[in-house]
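To start, the structure itself, in structure tokens.
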Amino acid sequence: MFRPELNPYVEKLEEHKDIVFTSHDRESRDLLEFIQSPNPLIVDLGCGAGNFLRDFAQIRPESHFIGFELKFKRLVKGAIKFKKKALTNIRLIQSRAEEIESWIPENRISELHINFPDPWPKTRHQKHRLVSRRFLETVKRLLVPGGVFVFKTDHREYFEFAVDLINSVDFLEILHYSEDLHQSEFHQENLLTEFESLFKGKGYPVYYIKTKT
Ligand SMILES: C[S@@+](CC[C@H](N)C(=O)[O-])C[C@H]1O[C@@H](n2cnc3c(N)ncnc32)[C@H](O)[C@@H]1O
């Protein structure tokens with residue numbers, strides 16, 4: 001059972017209430033204004049400790065960024081990184097990514113990224129995978145017309161599973177595809193996540209697909 005009193009990062013989160021929001025902050029005026037603003041909104045699901053958001057937010061200062069992440073320690077580390085760079089265009093939400101529709105309205109997101117999600121390799125656990133047919137329907141509702149959905153993973157089987165799902169729906173068009181992103185023409189525009197930095201140099205390929213509605 002999760003016991004917040006045993007996790008020091010639950011308390012540390014209090015120091016970053018300007019950036020990190022939890023289920024207690026659903027009515028937060030700052031978060032609502034941030035989400036409802038006219039700025040393009042870019043979302044990272046399972047954002048870890050925020051390297052991808054930090055680097056992306058610097059090159060797109062006019063966009064708003066939101067990361068969803070479960071782990072308190074990673075959320076605190078992310079908030080500290082953003083403050084070091086004086087970035088004011090990122091917010092983090094401590095919530096399951098599957099609950100995104102309870103935070104963000106339809107037809108709002110310009111780009112939705114999933115980087116190195118937990119692969120749940122065992123067949124009996126595959127139902128826990130974030131990418132599913134149902135999830136793609138959620139993506140459809142949340143993205144603006146022409147909005148982008150990007151998926152990156154080191155897990156070949158999860159990638160093939162996701163690509164099959166993407167091919168089975170008629171509302172996502174494939175823009176980029178690579179079974180070895182770092183050796184591909186797309187690597188120039190790629191931003192490394194924490195997990196990706198670990199793989200880089202070890203020779204394992206990164207699988208990548210970019211789609212649009
Ligand atoms: C393998 S890590 C990848 C982190 C980061 N995206 C990266 O590429 O470095 C997966 C992350 O997803 C988070 N996570 C797992 N299940 C989640 C869920 N249902 N909702 C939100 N985050 C989740 C984990 O806590 C972890 O930080």
Side-chain angles (χ1 to χ4, degrees), residues 2 4 6-10 12-13 16 19-23 25-26 31 41-58 65-82 90-104 109 111-122 125-139 142 148-159 161-162 165 178 180-182 186-187 189-202 204-210:
F2 176 65
L6 297 181
N7 184 341
Y9 288 93
V10 174
K12 285 210 171 79
L13 215 61
H16 304 289
I19 292 182
V20 187
F21 297 83
T22 70
S23 56
D25 309 310
R26 284 188 179 276
L31 184 63
L41 184 64
I42 300 176
V43 171
D44 180 7
L45 295 178
C47 64
N51 285 9
F52 178 79
L53 286 168
R54 177 200 60 201
D55 296 343
F56 209 168
Q58 287 177 87
F65 290 81
I66 293 184
F68 282 76
E69 171 58 50
L70 288 175
K71 294 202 172 146
F72 289 80
K73 183 174 180 178
R74 292 182 183 172
L75 291 160
V76 168
K77 284 171 101 178
I80 292 170
K81 284 177 196 170
F82 307 155
I90 314 175
R91 301 290 183 273
L92 297 174
I93 297 181
Q94 199 277 326
S95 164
R96 290 180 61 74
E98 291 83 347
E99 289 167 19
I100 183 171
E101 283 187 285
S102 70
W103 294 93
I104 298 181
I109 298 176
E111 290 188 31
L112 185 66
H113 293 259
I114 302 180
N115 296 313
F116 302 88
D118 295 342
W120 297 103
K122 289 186 182 152
H125 290 155
Q126 281 181 7
K127 57 180 180 287
H128 299 303
R129 284 179 173 170
L130 179 54
V131 178
S132 64
R133 171 76 203 213
R134 188 171 166 188
F135 175 77
L136 291 187
E137 295 290 339
T138 299
V139 170
L142 290 172
V148 167
F149 168 57
V150 185
F151 178 76
K152 263 197 298 191
T153 180
D154 60 315
H155 196 272
R156 183 177 188 94
E157 202 272 314
Y158 194 1
F159 183 69
F161 173 89
L165 283 172
S178 176
D180 194 352
L181 171 61
H182 295 161
F186 310 120
H187 88 278
E189 67 184 60
N190 183 47
L191 297 173
L192 290 180
T193 74
E194 293 98 80
F195 266 66
E196 200 168 358
S197 301
L198 296 177
F199 299 129
K200 205 168 152 57
K202 289 192 178 163
Y204 303 127
V206 166
Y207 303 93
Y208 161 75
I209 186 164
K210 179 175 185 176

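It should be emphasised that the depicted structure is a prediction, and the values quoted were computed from it without experimental measurement. Both ligands and their constituent atoms are indexed starting at 1 by order of listing.
The shortest side-chain heavy-atom distance between His16 and Ile80 falls under the 4.5 Å cut-off.
Under the 4.0 Å criterion applied to side-chain N and carboxylate O atoms, Arg129 and Glu157 are assigned as salt-bridge partners.
For the ring pair (Phe, Tyr, Trp, His ring centres under 6.0 Å) with Phe151, the qualifying choice from Tyr207, Phe116, Tyr158, Tyr208 is Tyr158, the only one to do so.
For the pair Glu137 (side chain) and Arg133 (backbone), a donor-acceptor distance under 3.5 Å is absent. Arg26 places a side-chain N or O within donor-acceptor distance of the main-chain N or O of Ser102, the cut-off being under 3.5 Å.
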Distance dump, ligand 1 polar atoms to protein, N/O, under 3.5 Å:
from     : atom 1 : to     : atom 2 : distance (Å)
ligand 1 : 6 (N)  : Gly46  : O      : 2.8
ligand 1 : 6 (N)  : Asn115 : O      : 2.8
ligand 1 : 8 (O)  : Asn115 : O      : 3.4
ligand 1 : 8 (O)  : Thr193 : OG1    : 2.7
ligand 1 : 9 (O)  : Thr193 : OG1    : 3.3
ligand 1 : 9 (O)  : Glu194 : N      : 3.3
ligand 1 : 9 (O)  : Phe195 : N      : 2.9
ligand 1 : 19 (N) : Glu98  : OE1    : 2.9
ligand 1 : 20 (N) : Ala97  : N      : 2.8
ligand 1 : 25 (O) : Glu69  : OE2    : 2.5
ligand 1 : 27 (O) : Glu69  : OE1    : 2.7
ligand 1 : 27 (O) : Glu69  : OE2    : 3.1
ligand 1 : 27 (O) : Arg74  : NH1    : 2.6

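Taking the six-membered ring for Trp and the full ring otherwise, the centers of His113 and Phe56 sit less than 6.0 Å from each other.
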